[in-house]
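For reference, the structure is listed below as structure tokens.
On a predicted model such as this, the values are computed, not experimentally measured, just so you know.
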Amino acid sequence: MPKWLNDAVFYEIYPQSFLDTNGDGIGDLEGIIQKLDYVKSLGCNALWLNPIYDSPFKDAGYDVRDYKKVAPRYGTNDDLVRLFDEAHKKGIKVLLDLVPGHTSEEHEWFKKSCEADKNEFSNRYIWTNGAFCGIAGHPYIGGEAERDGCYMLNFFKCQPALNYGVLNRTEPWQMATDDPDCIATREAMKDIMRFWLSKGCDGFRVDMADSLVKEDDEVKSATGKIWENIRQMLDEEFPEAALVSEWSNPECALKYGFHADFYLDHHGNGYNVLFRDGETEGGDHSYFKKDSNESPMRFLADYQHKYDNSKEYGHISFISCNHDTPRLTKTMDVSELKIGYAFLYTMPGVPFLYYGDEIGMKYLDKVKTKEGGFQRTGSRSPMQWDDKAANFGFSTASADKLYIPVDDSKDAPSVASAENDPDSLIHMVRSIIALRHEYTDLQADSDFEVLYAKENERLLVYRRGSLVISVNPGEAEVKVSKKDLAGVPSDFKGDLIYGIGSADLNGDELVLGKQSFAIFE
């Protein structure tokens with residue numbers, strides 16, 4: 001396990017939308033370099049960049065045309081190396097996005113695989129043995145290649161599935177996971193990883209990490225073996241490189257070699273019921289909605305066993321949002337976000353902050369889809385740096401040339417306006433992340449124990465090391481006797497080291513005012 005992950009707080013940057021320095025309306029690597037001091041000022045000491053590779057951009061760069069070349073719209077390979085170097089000077093690590101399950105249909109591997117004559121890349125992708133032989137249960141394309149076969153898709157039409165084999169084979173064209181051609185696919189991914197790690201990259205966030213082997217078993221054991229093999233390579237050659245999965249199943253992902261796994265917004269899971277449970281009958285039942293009257297029990301029912309069964313292997317990663325998820329401002333106000341963020345950045349694991357969430361950027365639900373974004377496009381709008389500048393300071397291009405339109409609402413937030421408001425979200429984000437860095441008990445490895453949580457009650461109290469943390473997201477004051485706080489001595493006074501709202505633990509009970517959060521030492 002890379003030691004630096006224990007104190008890591010990541011900032012996710014969608015490169016297209018962060019800062020445009022050449023006036024073409026699209027963010028670039030130079031823009032990220034120029035804002036490294038800003039990232040550091042938030043307390044974030046690591047970056048995750050969405051794909052920066054050469055691509056036709058039918059899926060915002062998740063359709064890779066060349067894994068070893070930076071897309072010209074962002075800059076050059078030398079610019080990316082300079083970003084690594086400048087970030088490292090400031091104590092910031094950089095993860096790239098690895099897309100191992102598919103490439104663009106314009107990738108040279110795929111072009112060769114489409115040829116009628118057998119070659120080195122014929123089996124780099126999953127093909128049937130005839131143009132009229134489809135693939136039951138999977139999307140596929142036929143009739144677009146000289147080759148007599150149909151090929152499997154991993155997601156969009158532009159993303160043919162790379163071939164790591166099929167575990168439970170039922171068709172003659174399916175290949176075993178230990179076939180030399182399937183192993184060659186794995187080795188090609190390792191070669192790509194080595195290429196960037198040797199240039200200064202600090203690791204990878206892995207897209208659709210569980211999608212490699214097809215017809216895998218329930219626990220993805222065959223896909224897991226691939227990641228175990230890759231992790232072995234990293235441990236031997238790049239022991240400080242981090243591997244973070246888009247899997248949202250830490251009990252699998254972490255055992256198979258990932259250092260951290262995202263806690264994604266899957267309906268009904270623990271993360272969803274904290275922030276995004278607005279699709280149920282009777283309104284929004286998210287725990288952090290001030291008027292939901294929800295207890296933390298649904299969250300704990302999902303999270304606790306995932307944490308217990310995976311903590312010895314790695315970390316669960318909470319997110320404020322990401323490029324695939326509506327921003328929390330779609331359903332929550334700043335007062336709710338403050339309590340929610342305080343919780344996120346005091347939990348175990350390695351947390352991620354999505355660009356713009358620190359100022360409460362809005363989800364833009366009326367923008368047109370861009371590069372396969374569809375409903376996700378509203379979370380990918382340009383970063384709002386300065387409300388007094390054209391395009392919020394994101395770009396000098398004309399508005400019609402911007403990658404995605406900026407927020408045109410009168411109350412659109414910006415970094416500049418937030419910095420001048422002592423009660424703004426950005427100051428709260430800075431303060432809680434700073435506290436996380438100051439206290440090792442708040443970092444990734446420190447213990448987590450629930451001290452108080454009950455059905456039909458809003459209060460959640462938990463312990464991180466020697467710290468007692470209490471949460472009341474509701475609209476009414478809550479009280480609990482000290483004797484009902486598991487493991488807390490009756491004479492524990494507790495110094496308040498961080499608070500939102502009002503809190504007291506000096507008497508015989510813990511008292512939390514409405515929408516309050518407190519950390520006692």
Whether W247 and Y256 hold their rings parallel, tilted or perpendicular, with breakpoints at 30° and 60°: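 Because their plane-to-plane angle lies in the 30° to 60° range, the rings of W247 and Y256 count as tilted.
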
Ring geometry between W196 and F84 (parallel below 30°, tilted from 30 to 60°, perpendicular above 60°):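 The rings of F84 and W196 stand perpendicular, inter-plane angle above 60°.
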
Using 4.0 Å as the upper bound for N to carboxylate O, is an ion pair formed by [Y] and [X]?
X: E419; Y: R430; value: yes
X: K68; Y: D191; value: yes
X: K93; Y: E240; value: no
X: K111; Y: E106; value: no
X: R205; Y: D207; value: yes
X: D54; Y: R65; value: yes
X: D59; Y: R376; value: yes

Counting the benzene-type ring for Trp, do [X] and [Y] have ring centres under 6.0 Å apart?
X: F262; Y: W48; result: yes
X: Y151; Y: F110; result: yes
X: Y462; Y: F448; result: yes
X: H437; Y: Y345; result: no
X: F275; Y: Y271; result: yes
X: Y67; Y: H107; result: yes

Is any side-chain heavy atom of [X] closer than 4.5 Å to a side-chain heavy atom of [Y]?
X: Y38; Y: W385; answer: yes
X: T76; Y: L29; answer: no
X: Y303; Y: R298; answer: no
X: Y53; Y: D66; answer: no

Full working for salt bridge (charged side-chain N to carboxylate O under 4.0 Å, His left out) between R82 and D85: CA-CA 5 Å; R82 186 161 56 90; D85 292 343; over 6 Å; no

Short side-chain donor-acceptor distance under 3.5 Å, E228 and Q232: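 No donor-acceptor contact under 3.5 Å links the two side chains.
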
Option passing ring pair (Phe, Tyr, Trp, His ring centres under 6.0 Å) with F343 (candidates Y287, F517, F299):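 Only one of Y287, F517, F299 forms a ring pair (Phe, Tyr, Trp, His ring centres under 6.0 Å) with F343, namely F299.
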
Quiz item: cation-pi between R73 and F57, 6.0 Å / 45°: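 Yes, cation above the ring, under 6.0 Å and within 45°.
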
Lys/Arg cation over aromatic Y14: R327, 6.0 Å, 45° cone: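 No; the conditions do not both hold, so R327 does not lie above the ring face of Y14.
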
